[in-house]
Number of protein chains: 2
Amino acid sequence: MNTLTPKKIAIRERETRILELARRMVVSGGYNGLGLDSIASELGVSRGTIYNHFKCKEEIILALLVETMDIRREMFQRAAMYQDIPRVRLTGIGVAAELFVRLYPDHFRMEQIVRLDSIWDKTTEERRALVKSCQMQCVGIVAGIVRDGMAQGHVTLPDGVTPEALVFGLWSMTEGAYSIIATSDAVTELGMSEPFLSIRHNTQVLLDGYGWKPLLEERDFHAEMEVLVRKIFPEEFAQLKQVW
Amino acid sequence: MNTLTPKKIAIRERETRILELARRMVVSGGYNGLGLDSIASELGVSRGTIYNHFKCKEEIILALLVETMDIRREMFQRAAMYQDIPRVRLTGIGVAAELFVRLYPDHFRMEQIVRLDSIWDKTTEERRALVKSCQMQCVGIVAGIVRDGMAQGHVTLPDGVTPEALVFGLWSMTEGAYSIIATSDAVTELGMSEPFLSIRHNTQVLLDGYGWKPLLEERDFHAEMEVLVRKIFPEEFAQLKQVW
DNA sequence: ACGTTTTCTGACGATTTGTCAGAAAATGAG
DNA sequence: CTCATTTTCTGACAAATCGTCAGAAAACGT
């Protein structure tokens with residue numbers, strides 16, 4: 001049971017190195033930008049060795065996706081645990097989402113690429129289950145806050161509208177916005193200066209549209225975000241001070 | 001100057017055939033699913049002939065993107081021309097967006113794939129300009145309606161919020177939602193049944209959040225959509241009757 | 001009918017992926 | 001330390017695909 005032989009350690013280290021290099025390549029050149037030959041030569045090993053770690057290219061990509069989604073899930077969990085009224089906690093989730101995108105743009109871009117490139121057929125069921133589970137956890141976290149808000153009478157959803165439908169709205173808006181920012185380089189040219197501020201505002205406006213108390217005019221959620229980011233994500237904030 | 005020689009006609013026809021086949025391949029297998037060899041053999045010509053039409057694979061993909069974006073732009077223009085109060089016209093744009101996604105899912109999926117795959121370096125500046133122009137026109141159309149709404153006093157944007165910021169919100173939400181539907185096969189498993197209805201509702205809620213008159217409770221915009229789709233997009237509606 | 005232009009072909013080199021038999025290295029027992 | 005066994009690594013190989021190009025074939029015009 002002793003897994004600590006020096007060789008095993010070296011192998012484990014190499015695996016993380018592989019993923020590091022792979023991520024950089026996928027980000028800069030998409031699926032086809034990832035060349036196993038380049039990775040191998042950069043690591044000073046042969047291509048066959050890479051195949052000892054991952055059965056195929058697609059498994060590498062999916063491993064990257066899992067890493068990525070895990071980071072966000074952890075950040076969501078931290079935000080959801082914050083002690084305050086539901087709307088502020090929801091705002092915290094928004095802060096987490098923005099921090100994630102800005103701190104780890106490579107991860108986010110990766111996620112987008114991987115979701116669309118049709119790599120899924122060749123991957124193992126096991127790893128795919130990991131992805132799905134992570135996604136469900138994220139949705140569950142946010143839906144839980146919405147249910148808290150309903151329980152406390154801060155928001156009442158119309159007939160036929162589920163908490164998940166509201167989550168879907170927030171998720172759509174942020175996911176879509178970050179995706180537009182990432183892909184269409186001309187966002188500012190299109191007249192959308194400061195897209196991140198717009199996203200923060202638009203999500204709050206959506207909650208206002210649902211009548212979620214307290215409304216934006218009753219409480220300064222934008223100032224609240226400043227507090228949240230420092231309290232919940234101190235180290236992350238430190239890294240991002242210049243752009244926040 | 002006579003371009004109607006039978007040979008030229010045959011060539012032009014073949015070009016559309018190429019794009020048809022290419023779209024099907026990209027949709028089902030992404031960038032790598034598109035094999036020039038398959039196209040050539042299916043058309044009964046050699047691979048070299050394909051290269052007489054397009055300089056490289058990437059140019060084929062970009063040609064597909066232009067086709068796609070043109071269809072949507074045309075639908076947006078039709079919706080924007082509708083004679084009614086601004087909020088109804090905006091609702092018409094939403095109807096157009098949904099119709100587009102549901103009528104031409106292949107086009108939409110294509111668009112997503114292409115935006116992310118890094119093909120842009122190899123393409124001609126000319127075709128890239130076409131894409132950009134189309135995008136700016138779409139944003140311009142919607143922003144125009146927002147300005148109309150402001151001019152008529154139906155909505156007042158807070159200080160520092162531009163009409164484009166509101167457009168960005170709507171665009172993000174719809175784009176993000178359709179993208180989630182398209183990529184994460186488990187939307188319904190995640191508790192989001194009837195995602196298209198949710199999108200319609202969420203966009204209206206966002207407008208409510210901005211205080212855009214008349215509000216959702218004052219006027220039944222969901223019923224309005226039924227009217228709009230029949231009036232503005234009669235043939236499109238006919239094709240989609242079963243799923244609408 | 002025939003010379004000229006356009007179009008088409010298919011073989012070629014280059015690149016990349018995944019495999020696998022044998023080489024090399026690590027491990028462990030005496 | 002030695003040697004047998006297990007694990008790991010290598011690099012050559014087959015297969016697929018992209019883009020090119022010289023020469024063949026077809027179309028065109030006179």
Side-chain angles (χ1 to χ4, degrees), chain A residues 1-18 21-22 24-26 28-64 114 117-124 127, chain B residues 1-18 21-22 24-26 28-64 114 117-124 127:
Chain A
M1 270 305 117
N2 192 354
T3 62
L4 296 175
T5 89
K7 185 64 184 173
K8 300 278 181 191
I9 292 174
I11 290 178
R12 191 167 298 202
E13 264 170 20
R14 190 173 46 207
E15 188 149 321
T16 72
R17 285 274 295 154
I18 291 175
L21 291 171
R24 221 176 302 160
M25 289 177 177
V26 171
S28 80
Y31 174 91
N32 291 309
L34 170 58
L36 300 197
D37 232 338
S38 316
I39 291 185
S41 74
E42 196 140 351
L43 286 180
V45 299
S46 79
R47 245 210 350 281
T49 302
I50 309 286
Y51 282 92
N52 278 357
H53 291 270
F54 301 95
K55 229 181 38 272
C56 59
K57 233 177 128 174
E58 282 73 14
E59 282 282 303
I60 297 182
I61 302 231
L62 212 45
L64 292 176
V114 174
D117 255 307
S118 23
I119 61 168
W120 301 87
D121 307 338
K122 297 190 194 167
T123 56
T124 56
R127 236 187 262 270
Chain B
M1 270 305 117
N2 191 352
T3 61
L4 297 175
T5 89
K7 184 65 184 174
K8 299 278 181 192
I9 292 175
I11 291 178
R12 190 167 297 203
E13 263 171 20
R14 189 172 49 208
E15 188 150 321
T16 71
R17 284 274 295 156
I18 291 175
L21 291 172
R24 221 176 303 161
M25 288 178 178
V26 170
S28 80
Y31 175 90
N32 290 310
L34 172 57
L36 300 198
D37 235 337
S38 315
I39 291 185
S41 74
E42 196 140 353
L43 286 181
V45 298
S46 80
R47 242 207 354 281
T49 301
I50 309 286
Y51 283 92
N52 278 356
H53 291 270
F54 301 95
K55 229 177 43 269
C56 59
K57 233 177 128 173
E58 283 73 13
E59 281 281 303
I60 296 182
I61 303 232
L62 212 46
L64 292 176
V114 174
D117 255 307
S118 25
I119 62 167
W120 301 87
D121 309 337
K122 296 191 194 167
T123 56
T124 57
R127 238 187 262 268

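Reminder, nothing fancy here: chain letters follow the sequence lines and each chain counts from 1.
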Which is true for A:Ile50 with a 4.0 Å heavy-atom rule: it touches a base, it touches only sugar-phosphate, or it touches nothing? nothing

For the pair made of CG in A:Asn32 and C1' in D:dC18, what is the distance, rounded to whole Å? 11 Å

Provide, to the nearest angstrom, the distance between the CG atom belonging to B:Asn52 and the C1' atom belonging to D:dG19. 12 Å

Taking atom P of C:dA25 as reference, at what distance in whole Å does atom CD1 of A:Ile11 sit? 15 Å

Output, in order, the C-alpha distance, side-chain angles, deciding distance and verdict of side chain to side chain contact (heavy atoms under 4.5 Å, CB included) for A:Leu34 and A:Ile61. CA-CA 9 Å; A:Leu34 170 58; A:Ile61 302 231; 4.0 Å; yes

Of the listed D:dG19, D:dC9, C:dT17, the closest approach to the B:Leu36 side chain comes from D:dG19

Length of the line joining B:Asp37:CG and C:dT16:C1', which is rounded to integer Å: 16 Å

Taking the minimum atom-to-atom distance to the side chain of A:Ser46, which one of C:dT9, D:dG19, D:dG11 wins? D:dG11

Given A:Leu21 and A:Leu43, is the side chain to side chain contact (heavy atoms under 4.5 Å, CB included) satisfied, shown in steps? CA-CA 9 Å; A:Leu21 291 171; A:Leu43 286 180; 3.9 Å; yes

Looking at C:dT9, I'd like to know if its phosphate oxygens (OP1 or OP2) sit under 4.0 Å from a side-chain N or O belonging to B:Thr49. yes

A:Glu59 CD to C:dT19 C1', straight-line distance once rounded to whole Å: 17 Å

For the side chain of B:Tyr51, counting heavy atoms from C-beta on, which of D:dT7, D:dT10, D:dG19 is nearest? D:dG19

Walk me through it: do A:Ile60 and A:Ile50 pass the test side chain to side chain contact (heavy atoms under 4.5 Å, CB included)? CA-CA 10 Å; A:Ile60 297 182; A:Ile50 309 286; 4.2 Å; yes

Rounded to the nearest angstrom, tell me the gap between atom CZ in B:Phe54 and atom C1' in C:dC8. 17 Å

Might you point out which heavy atoms bring A:Thr123 and A:Ile119 nearest each other, and give the distance in Å? CG2-O, 3.5 Å

Round to the nearest Å and state the distance from B:Ile18 atom CD1 to C:dT7 atom C1'. 13 Å

Measure from NZ on B:Lys57 to P on D:dA16 and round the result to the nearest Å. 15 Å

What are the two closest non-hydrogen atoms of B:Thr124 and B:Glu59, and how far apart are they? N-OE2, 2.8 Å

Of the listed nucleotides (C:dT9, D:dG19, D:dC13), which one gets closest to any side-chain atom of A:Arg47? D:dC13

Sugar-phosphate, base or nothing in reach of A:Gly35, heavy atoms under 4.0 Å: sugar-phosphate

Candidate nucleotides D:dT8, D:dC9, C:dT7, ranked by approach to the side chain of A:Lys8 - the nearest: D:dT8

